[in-house]
Amino acid sequence: MIADYDPVWPERFESHRRRIDETLGPTAQRIEHVGSTSVPGLAAKPIIDIQVSVTDPEHEASYVQALERAGYHLRVREVGHRMLRTTERDVHVHVCASGSDWERRHLVFRDWLRHNAPDRRLYESTKRRLAERRWPTTDHYADAKTPVIDEIMRRALRTGAETSEG
């Protein structure tokens with residue numbers, strides 16, 4: 001389900017950001033609101049995505065148990081990435097390495113959509129169109145968005161490279 005942008009989403013992020021910061025302290029080197037709910041005006045599934053950057057996501061002992069005590073449950077374990085979520089499934093906490101491609105890509109995509117209305121509209125229309133279909137899993141829906149995400153990322157990275165060179 002795709003919902004129209006809700007101005008409460010940043011407040012919900014901030015509440016969870018504080019909880020994560022209090023729970024992890026300096027282990028969390030960076031806590032960012034990412035995903036569609038972090039882009040003002042963008043329709044989204046009403047799930048708050050939070051990116052937590054740590055030194056080494058493979059070293060789960062430094063953060064997983066603490067986050068589980070704070071109400072987040074480990075759901076995904078991938079190389080360089082862990083995802084925990086609330087019991088209500090309304091908040092996803094993505095743990096990645098500081099300075100990693102995972103961290104960078106999510107921040108670049110978010111920042112690009114925040115400032116580029118045509119790509120924001122393209123992404124929203126794609127999500128709405130795909131959300132109308134029935135998917136075996138949410139992974140299938142996410143995979144279907146990949147070509148548009150890649151197209152937008154190419155523009156964002158190209159423009160970023162041009163900006164940093166000039």
Side-chain angles (χ1 to χ4, degrees), residues 1-3 6 8-39 42-114 123-124 126-127 130-131 133-154 156-157 160:
M1 175 193 82
I2 302 294
D6 188 337
V8 171
W9 291 339
E11 296 169 23
R12 289 185 49 220
F13 159 73
E14 184 55 31
S15 172
H16 285 274
R17 187 205 60 75
R18 282 192 305 273
R19 181 191 313 177
I20 292 166
D21 187 44
E22 290 168 6
T23 298
L24 296 181
T27 299
Q29 297 173 344
R30 186 175 195 163
I31 304 170
E32 294 281 344
H33 190 186
V34 295
S36 294
T37 62
S38 71
V39 179
L42 181 61
K45 288 185 292 181
I47 297 170
I48 305 300
D49 285 295
I50 300 172
Q51 181 169 282
V52 178
S53 302
V54 299
T55 301
D56 181 5
E58 307 304 319
H59 185 58
E60 292 182 5
S62 68
Y63 65 91
V64 169
Q65 288 179 344
L67 287 173
E68 286 180 335
R69 285 191 300 275
Y72 306 98
H73 309 284
L74 183 62
R75 299 299 301 164
V76 174
R77 182 180 279 126
E78 300 170 330
V79 174
H81 170 245
R82 303 294 185 271
M83 192 274 280
L84 299 92
R85 69 180 181 201
T86 56
T87 302
E88 300 80 15
R89 300 180 178 186
D90 62 343
V91 176
H92 291 175
V93 178
H94 301 273
V95 181
C96 66
S98 293
S100 67
D101 188 55
W102 175 278
E103 178 189 56
R104 185 175 137 280
R105 286 183 62 79
H106 286 87
L107 296 174
V108 165
F109 192 72
R110 176 201 66 191
D111 293 348
W112 179 259
L113 289 181
R114 283 179 173 177
Y123 188 51
E124 180 173 322
T126 299
K127 290 186 339 166
L130 293 173
R133 296 175 47 190
R134 295 183 72 87
W135 300 96
T137 68
T138 55
D139 287 340
H140 289 87
Y141 164 78
D143 289 345
K145 295 187 302 182
T146 298
V148 170
I149 291 170
D150 289 347
E151 174 187 334
I152 292 170
M153 279 299 293
R154 277 191 297 277
L157 292 170

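Remember, predicted model here, so these are calculated numbers, not experimental data.
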With no hydrogens and no angle check, is any side-chain donor or acceptor of R85 less than 3.5 Å from a backbone partner on V93?
-> no
Over all atoms of both residues, closest heavy-atom pair of I152 and F109 = CG2-CE1, 3.6 Å
Exercise: identify the closest heavy-atom pair between W102 and C96 | CD1-CB, 3.1 Å
Less than 4.5 Å apart, any side-chain heavy atom of L74 and any of R77?
-> yes
Would you list the atom pairs, donor with acceptor, under 3.5 Å between side chains in residues 43-55 and any protein atom, with sequence neighbours excluded?
from	atom 1	to	atom 2	distance (Å)
D49	OD1	H94	NE2	2.9
Q51	NE2	E103	O	3.4
S53	OG	E103	OE2	2.6
T55	OG1	Q29	NE2	2.8

In Å, rounded to the nearest 0.5 Å, how long is the span from CG of L113 to CD of E124?
-> 10.5 Å
Residue pairs involving residues 92-101 (criterion salt bridge (charged side-chain N to carboxylate O under 4.0 Å, His left out); sequence neighbours excluded) | D101-R104
Compare all side-chain heavy atoms of H73 with those of L67 and state whether any distance is below 4.5 angstrom.
-> no
Flag yes if more than 12 heavy atoms outside R114 fall under 6.0 Å of its CZ atom; otherwise flag no.
-> yes
Do Y72 and H92 meet the criterion of a side-chain donor-acceptor pair at a distance under 3.5 Å?
-> no
Close side-chain approach of H16 to R18, heavy-atom, < 4.5 Å | no
With sequence neighbours left out, write down each residue that passes side chain to side chain donor-acceptor pair (under 3.5 Å) with R19, or none if nothing qualifies.
-> none
Between D6 and R12, does at least one N-O distance fall below 4.0 Å, as a salt bridge requires?
-> no
Taking side chain as C-beta onward, heavy atoms only, is K127 less than 4.5 Å from S36?
-> yes
Side chain to side chain donor-acceptor pair (under 3.5 Å) partners of H59, counting only residues at least two apart = none
Provide the full list of side chain to side chain donor-acceptor pair (under 3.5 Å) pairs with a residue in residues 141-150, sequence neighbours left out, each pair given once.
-> Y123-K145
Give a yes or no on whether the backbone of L130 and the side-chain of W135 come within a donor-acceptor separation of less than 3.5 Å.
-> yes
L107 side chain near R30 side chain, heavy-atom distance below 4.5 Å = yes
Test item: V95 and Y63 side chains (from C-beta on) under 4.5 Å apart, heavy atoms = yes
Would you please name every residue forming a side chain to side chain donor-acceptor pair (under 3.5 Å) with R17, sequence neighbours left out?
-> E14
Between CE on residue M83 and CD on residue E78, distance to nearest 0.5 Å = 9.0 Å
